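Below, each value reflects all heavy atoms present in this structure, side chains not excepted, and no hydrogens, waters or symmetry copies. Numbers restart at 1 for each chain; the letters A, B, ... are given by sequence-line order, proteins then strands. This is a predicted model, so every value here is computed, not measured.
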Amino acid sequence: MRPIIKAKVLRTKKTVALARWLIGKHLVRRFPDGREEARMIVETEAYHGERDRACHARFGRTRRTEVMYGPGGVWYVYLCYGIHEMLNLVVGPPDSPAAILIRGVEGASGPGRVTKALAINRALNAAPATEPSGLWIEDRGVRWPPARVEAGPRVGISYAGPVWVAKKWRFRIKPVA
DNA sequence: TACTCGATCGGA
DNA sequence: CCGATCGAGTAA
């Protein structure tokens, strides 16, 4: 059996805790030609609820954010700056819009690079992340000590205002100094 | 319909 | 520092 993460975990744990928990898990991609590639997640960011002024759900329920209002365990993929596809994992129970941006995996630092490296685009929006279809997550047993995971402010959200910029909802494995 | 601006990146 | 490049969201 593949160690695929369960949807229940993604719907019950809190958003920020899940963003931290996701570090060390593996993002597994099955390309259209059947080939598979797995990369460890090394950087994430949490976006939680309509109150979070940095979250797309701050405008409420719209065509784009609809997927975030469904149950956790599916992908939310959107286009940013007209160029970059951004990969997010929807988490939480229904009607609780929240998502985690995958900002980095082994060999690809930056959300735009992650999707480019694994050929991910909006065709995967709303697709399940908890079964071996096109893209899913596995727990392959990697455990990083808390001291190796750094929490810091989210990137590129200055429009959200100081209160939300200050939240340390970005997680990444510390570079080996 | 006419704006504005973005959860970024690569090049100058 | 700046341009790319397009669609979501707002205002009208």
Trainee: Does A:R113 have a side-chain nitrogen or oxygen under 4.0 Å from the phosphate oxygens OP1 or OP2 of B:dG10?
Mentor: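 So the side chain of A:R113 is within the cut-off, an N or O lying under 4.0 Å from OP1 or OP2 of B:dG10.
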
Trainee: Could you check whether A:R122 gets within reach of a base, just the sugar-phosphate, or nothing at all, counting any heavy atom under 4.0 Å?
Mentor: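 Sugar-phosphate: the residue A:R122, judged by heavy atoms under 4.0 Å, touches backbone atoms but no base.
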
Trainee: Does the side chain of A:R170 get closer than 4.0 angstrom to OP1 or OP2 of B:dA7 through an N or O atom?
Mentor: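 Checking A:R170 against B:dA7: no side-chain N or O falls below 4.0 Å of OP1 or OP2.
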
Trainee: Indicate the atoms forming the closest heavy-atom contact of A:T44 with A:R20, along with that distance.
Mentor: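 Closest pair (atom of A:T44, atom of A:R20, distance): OG1-N, 4.5 Å.
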
Trainee: For the pair made of CD in A:E66 and C1' in C:dG9, what is the distance, rounded to whole Å?
Mentor: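 The answer, rounded to whole Å, is 16 Å.
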
Trainee: Regarding B:dA7, can its base be found pairing with the side chain of A:H84 as donor and acceptor, where the two atoms are less than 3.5 Å apart?
Mentor: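 Under the 3.5 Å cut-off, the side chain and the base do not form any donor-acceptor pair.
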
Trainee: Got a salt bridge between A:R172 and A:E150, using NZ or NE/NH1/NH2 to carboxylate O under 4.0 Å?
Mentor: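 Judged by the 4.0 Å cut-off on N to carboxylate O distance, A:R172 and A:E150 do form a salt bridge.
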
Trainee: Going by atom types only, do A:Y69 and A:E50 share a side-chain donor-acceptor pair under 3.5 Å?
Mentor: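 Yes, side-chain donor-acceptor contact under 3.5 Å.
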
Trainee: So A:R64, base contact, sugar-phosphate only, or nothing? Heavy-atom distance under 4.0 Å.
Mentor: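 The answer is sugar-phosphate, as A:R64 gets under 4.0 Å only of primed atoms, P, OP1 or OP2.
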
Trainee: Between C:dA8 and A:T62, is there an OP1 or OP2 to side-chain N/O distance shorter than 4.0 Å?
Mentor: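 A:T62 to C:dA8 OP1/OP2: no side-chain N or O under 4.0 Å.
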
Trainee: Could you tell me the separation between the CZ atom of A:R61 and the C1' atom of C:dA8, rounded to a whole number of Å?
Mentor: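 Nearest whole value for this atom pair: 18 Å.
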
Trainee: What is the distance, to the nearest angstrom, from the CG atom on A:L89 to the C1' atom on B:dA7?
Mentor: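 Rounded to whole Å, this separation is 15 Å.
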
Trainee: Taking CZ from A:R154 and C1' from B:dG6, how many angstroms apart are they, rounded to a whole number?
Mentor: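 Distance, rounded to whole Å: 15 Å.
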
Trainee: Could you tell me the Watson-Crick or G-U partner of C:dG3, where both distances fall under 3.5 Å? Say none if there is no partner.
Mentor: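 Checking every strand shown, C:dG3 finds its partner in B:dC9, with both distances under 3.5 Å.
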
Trainee: Figure out the CZ/P separation between A:R58 and C:dT10, and round it to whole Å.
Mentor: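 So the CZ-P distance, A:R58 to C:dT10, works out to 9 Å.
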
Trainee: For residues A:I4 and A:V28, determine if any side-chain heavy atom of one lies less than 4.5 Å from a side-chain heavy atom of the other.
Mentor: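 SC-SC contact between A:I4 and A:V28 ruled out.
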
Trainee: A:Y159 stacking on B:dG6: centroids under 5.5 Å, ring planes under 30°?
Mentor: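 Here A:Y159 fails the 5.5 Å or the 30° condition.
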
Trainee: Rounded to whole Å, please give me the gap between NZ in A:K116 and C1' in C:dA4.
Mentor: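 So the two atoms are 13 Å apart, to the nearest Å.
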
Trainee: Looking across every strand, which nucleic acid part, if any, lies under 4.0 Å from A:F59 by heavy atom: base, sugar-phosphate, or nothing?
Mentor: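 Sugar-phosphate, backbone atoms only, no base.
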
Trainee: Rounding to the closest angstrom, what is the interatomic distance between B:dC5 and C:dC2 at atom P?
Mentor: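 Roughly 16 Å separates the two P atoms.
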
Trainee: Please report the distance, rounded to the nearest Å, between NE2 in A:H56 and C1' in C:dG7.
Mentor: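 Going from A:H56 (NE2) to C:dG7 (C1'), I get 12 Å.
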
Trainee: Looking at A:R29 and A:E36, is there a salt bridge between them, counting it only when a charged N and a carboxylate O are closer than 4.0 Å?
Mentor: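 Answer for the salt bridge query: no.
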
Trainee: Watson-Crick or G-U wobble partner for B:dT1, using a 3.5 Å limit on both distances?
Mentor: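 Base partner found: C:dA11.
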
Trainee: Send over the distance from A:Y81 OH to B:dG6 P, rounded to a whole Å.
Mentor: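 After rounding, the gap between these two atoms is 6 Å.
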
Trainee: Need one value for A:L101: base, sugar-phosphate or nothing, where a base atom within 4.0 Å counts as base even if backbone is also close, heavy atoms only.
Mentor: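 Contact class for A:L101: base.
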
